[in-house]
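Only a predicted model underlies this, so the values are computations on that prediction, with no experimental measurement involved. Every number for a ligand or one of its atoms is a count from 1 in the order of the listing.
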Amino acid sequence: MALIVHKYGGTSMGSTERIRNVAKRVAKWARAGHQMVVVPSAMSGETNRLLGLAKELAPARHTDAVLRELDMLAATGEQASSALLAIALQAEGLSSVSYAGWQVPIRTNSAYTKARIESIDDGRVRTDLAEGKVVIVTGFQGVDEAGNITTLGRGGSDTSAVAVAAAMKADECLIFTDVDGVYTTDPRVVPEARRLHTVSFEEMLEMASMGSKVLQIRSVEFAGKYKVKLRVLSSFTPWDIDINEEAGSGTLITFEEDEQMEQAVVSGIAFNRDEAKVSILGVPDKPGIAYNILGAVADANIEVDVIIQNISKDGKTDFSFTVHRNDYARTIDLLKGTVLPTLGTDILEGDTKICKVSIVGIGMRSHVGIASRMFRALSEEGINIQMISTSEIKTSVVIDEKYMELAVRALHKAFDLDQPAG
Ligand code: ADP
Ligand code: ASP
Ligand code: MG
């Protein structure tokens with residue numbers, strides 16, 4: 001008997017019919033003798049619907065008081081789907097109970113809409129499991145020290161599931177979604193994308209952090225930190241598929257480089273449209289300037305991603321960086337209000353129509369010329385690169401948003417990702 005955590009995403013929970021299917025699948029696992037904890041997302045579209053209602057009423061800039069209410073609101077989506085799943089499981093003849101994050105409790109910090117899990121008390125869940133119940137724990141949410149409901153950021157149910165699996169030392173965490181695994185890139189953008197049988201933890205971390213939303217980045221971080229056995233697989237197979245076949249399907253996230261691992265230099269391509277670029281022109285080229293600008297941005301709790309500084313001319317230089325689009329307006333206000341006056345320039349340019357495309361692969365450590373192959377493929381399509389950033393196992397470029405799909409397809413081809421890895 002193993003302790004297994006299943007997570008079902010929004011599309012998998014998207015209607016009562018689908019919830020019934022999830023219940024039948026979970027029942028199959030429970031009847032095979034496993035202890036089951038299930039973490040559902042809200043029904044597809046529900047989180048957007050709820051946040052859309054708030055948007056109709058709320059001012060553009062959110063105060064902490066509004067952010068608190070957004071979490072109260074958004075958390076109801078998972079509460080509803082969890083209760084529905086518990087009801088469906090009971091209809092299947094299983095004993096089942098659902099808990100909201102605060103009831104477990106899943107403790108988080110107080111950063112509303114992007115809270116981090118700090119600890120999970122698994123006592124209640126263990127007692128229920130020992131009594132033979134299937135336990136449903138709402139995804140995406142927790143509770144802070146003062147008892148306020150918090151949410152973990154979009155896509156956060158993945159993180160809830162992996163964190164629960166880590167806290168309970170589960171034998172495996174299965175992320176059921178609407179694709180049958182992790183692909184070389186988003187199969188909705190490149191139909192030739194191939195499913196990876198395994199992907200290394202480091203590659204998955206880079207792919208998630210570069211925008212591949214199949215797993216939320218924090219879920220991958222948790223899996224790495226606590227060595228959670230993690231698999232991404234489809235919830236759209238027939239629910240009565242053989243359990244052993246199901247257990248070996250999809251994509252396994254691996255922690256060691258094993259023999260079987262696919263040997264491609266570049267394993268995947270990720271992209272995101274979530275960032276915006278800010279450029280300050282004509283800043284003095286002298287010590288302390290980067291700190292002056294980025295220190296103020298960091299103090300405002302705004303995360304900066306790609307940074308470039310141009311070569312200087314006549315003692316002046318241009319300084320550009322990217323932030324999340326949600327933080328763009330705040331960044332501009334901050335720079336205009338407190339930073340530019342200290343720099344002796346008022347030339348500020350912004351661009352929200354950018355995207356970032358990244359190639360990821362642990363093979364990049366041992367191969368040279370990978371970045372230049374990337375740049376050649378982009379130049380052959382006439383795509384101008386605005387910014388570049390690299391790490392040991394990835395190269396990212398910032399380009400005009402309108403070329404995103406073209407760039408992803410061209411790179412997928414240039415790195416032979418549509419061909420089985422040799
Ligand atoms: P869920 O609701 O199950 O959490 P998401 O929509 O959050 O599902 O994530 C699954 C989606 O991620 C897929 O439908 C796919 O379009 C997208 N995706 C992006 N990159 C990849 C990738 N490399 N492999 C598989 N899916 C990807
Ligand atoms: N329901 C939340 C969202 O839509 C969390 C999740 O689906 O993982 O972002
Ligand atoms: Mg998701």
Side-chain angles (χ1 to χ4, degrees), residues 6-14 18 22 38-52 70-71 73-82 101 113-115 117 137-142 150-164 173-199 203-220 231-236 250-251 253 264 266-274 357-361 404-405 408 411-412 417-418:
H6 280 190
K7 181 259 172 176
Y8 290 91
T11 328
S12 313
M13 297 289 293
R18 291 209 170 138
V22 168
V38 186
V39 178
S41 291
M43 295 170 78
S44 58
E46 180 62 3
T47 311
N48 285 344
R49 187 185 74 84
L50 292 166
L51 295 177
L70 290 181
D71 279 359
L73 177 70
T76 63
E78 270 70 10
Q79 192 173 323
S81 62
S82 294
T113 74
K114 50 180 175 189
I117 295 178
V137 174
T138 49
F140 185 49
Q141 58 181 271
T150 54
T151 67
L152 309 179
R154 300 307 304 268
S157 297
D158 297 331
T159 302
S160 308
V162 180
V164 166
C173 180
L174 302 180
I175 306 283
F176 285 89
T177 184
D178 55 8
V179 277
D180 63 351
V182 178
Y183 277 65
T184 46
T185 192
D186 190 337
R188 289 181 210 281
V189 172
V190 182
E192 298 78 25
R194 261 185 332 109
R195 179 168 62 83
L196 301 164
H197 297 288
T198 60
V199 59
E203 286 170 324
M204 196 61 242
L205 195 63
E206 285 283 13
M207 277 171 72
S209 77
M210 292 302 117
S212 162
K213 69 166 187 166
V214 62
L215 285 177
Q216 198 202 34
I217 179 162
R218 284 187 201 153
S219 71
V220 187
R231 185 180 287 278
V232 177
L233 69 172
S234 173
S235 71
F236 286 172
T251 301
I253 318 302
V266 169
S267 301
I269 297 170
F271 50 85
N272 82 53
R273 263 184 272 240
D274 299 338
V357 178
S358 311
I359 55 172
V360 174
M404 191 184 83
E405 297 197 355
V408 174
L411 293 171
H412 198 265
L417 290 177
D418 36 3

Point to revise | Sidechain-backbone polar pair: Gln216 side chain, Arg154 backbone, donor-acceptor under 3.5 Å | key: yes

Practice item. Examine distances only and state if a side-chain atom of Gln141 and a backbone atom of Gly101 form a donor-acceptor pair shorter than 3.5 Å. Key: yes

Exercise for review: Establish, from distance only, whether the side-chain atoms of Asp71 and Thr150 form a donor-acceptor pair under 3.5 Å.
Suggested key: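 No donor-acceptor contact under 3.5 Å links the two side chains.
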
Exercise for review: Would you mind finding which of Ser160, Gly10, Ser157 brings a heavy atom closest to atom 8 (O) of ligand 2?
Suggested key: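 Residue with the shortest heavy-atom distance to the ligand atom: Ser157.
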
Practice item. Examine ligand 2 and decide if any of its atoms is less than 4.0 Å from a heavy atom belonging to Gly139. Key: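 No, that is not the case, since the closest heavy atom of the residue is not under 4.0 Å from the ligand.
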
Exercise for review: Output all residues satisfying salt bridge (Lys or Arg N to Asp or Glu O under 4.0 Å) with Asp178, sequence neighbours left out; order by chain, then residue number.
Suggested key: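 If we apply the salt bridge (Lys or Arg N to Asp or Glu O under 4.0 Å) test to Asp178, skipping adjacent residues, the hits are Arg188.
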
**Study point:** Contact residues of ligand 1, where a non-hydrogen atom lies under 4.0 Å away
**Key:**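 These residues qualify: Lys7, Gly9, Gly10, Thr177, Asp178, Val179, Gly181, Val182, Tyr183, Thr185, Asp186, Pro187, Arg188, Met207, Ser212, Lys213, Val214.
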
**Study point:** Location of contacts on Glu78 toward ligand 2, heavy atoms closer than 4.0 Å
**Key:** side chain

Exercise for review: For Thr185, enumerate each residue passing the side-chain contact (heavy atoms from CB on, under 4.5 Å) test, keeping only those at least two apart in sequence or located in another chain.
Suggested key: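 By the side-chain contact (heavy atoms from CB on, under 4.5 Å) rule, Thr185 matches Val190, Ala193, Ile269, Phe271, Val408, His412.
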
Review point. Partners of Tyr8 by ring pair (Phe, Tyr, Trp, His ring centres under 6.0 Å), sequence neighbours excluded?
Key: His6, Phe176

**Study point:** Residue and atom name of the nearest protein heavy atom (relative to atom 7 (O) of ligand 2), distance in Å to one decimal
**Key:** Ser41 OG, 3.1 Å

Check your understanding: What protein heavy atom is closest to atom 4 (O) of ligand 2, reported as residue, atom name and distance in Å?
Key ->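 Atom 4 (O) of ligand 2 sits closest to the protein heavy atom Arg154 NH2, 2.9 Å.
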
**Study point:** Interfacing atoms of ligand 2 (cut-off 4.0 Å, heavy-atom, Gly155)
**Key:**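 Once the distances to Gly155 are compared, the set is 3 (C), 5 (C), 6 (C), 8 (O), 9 (O).
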
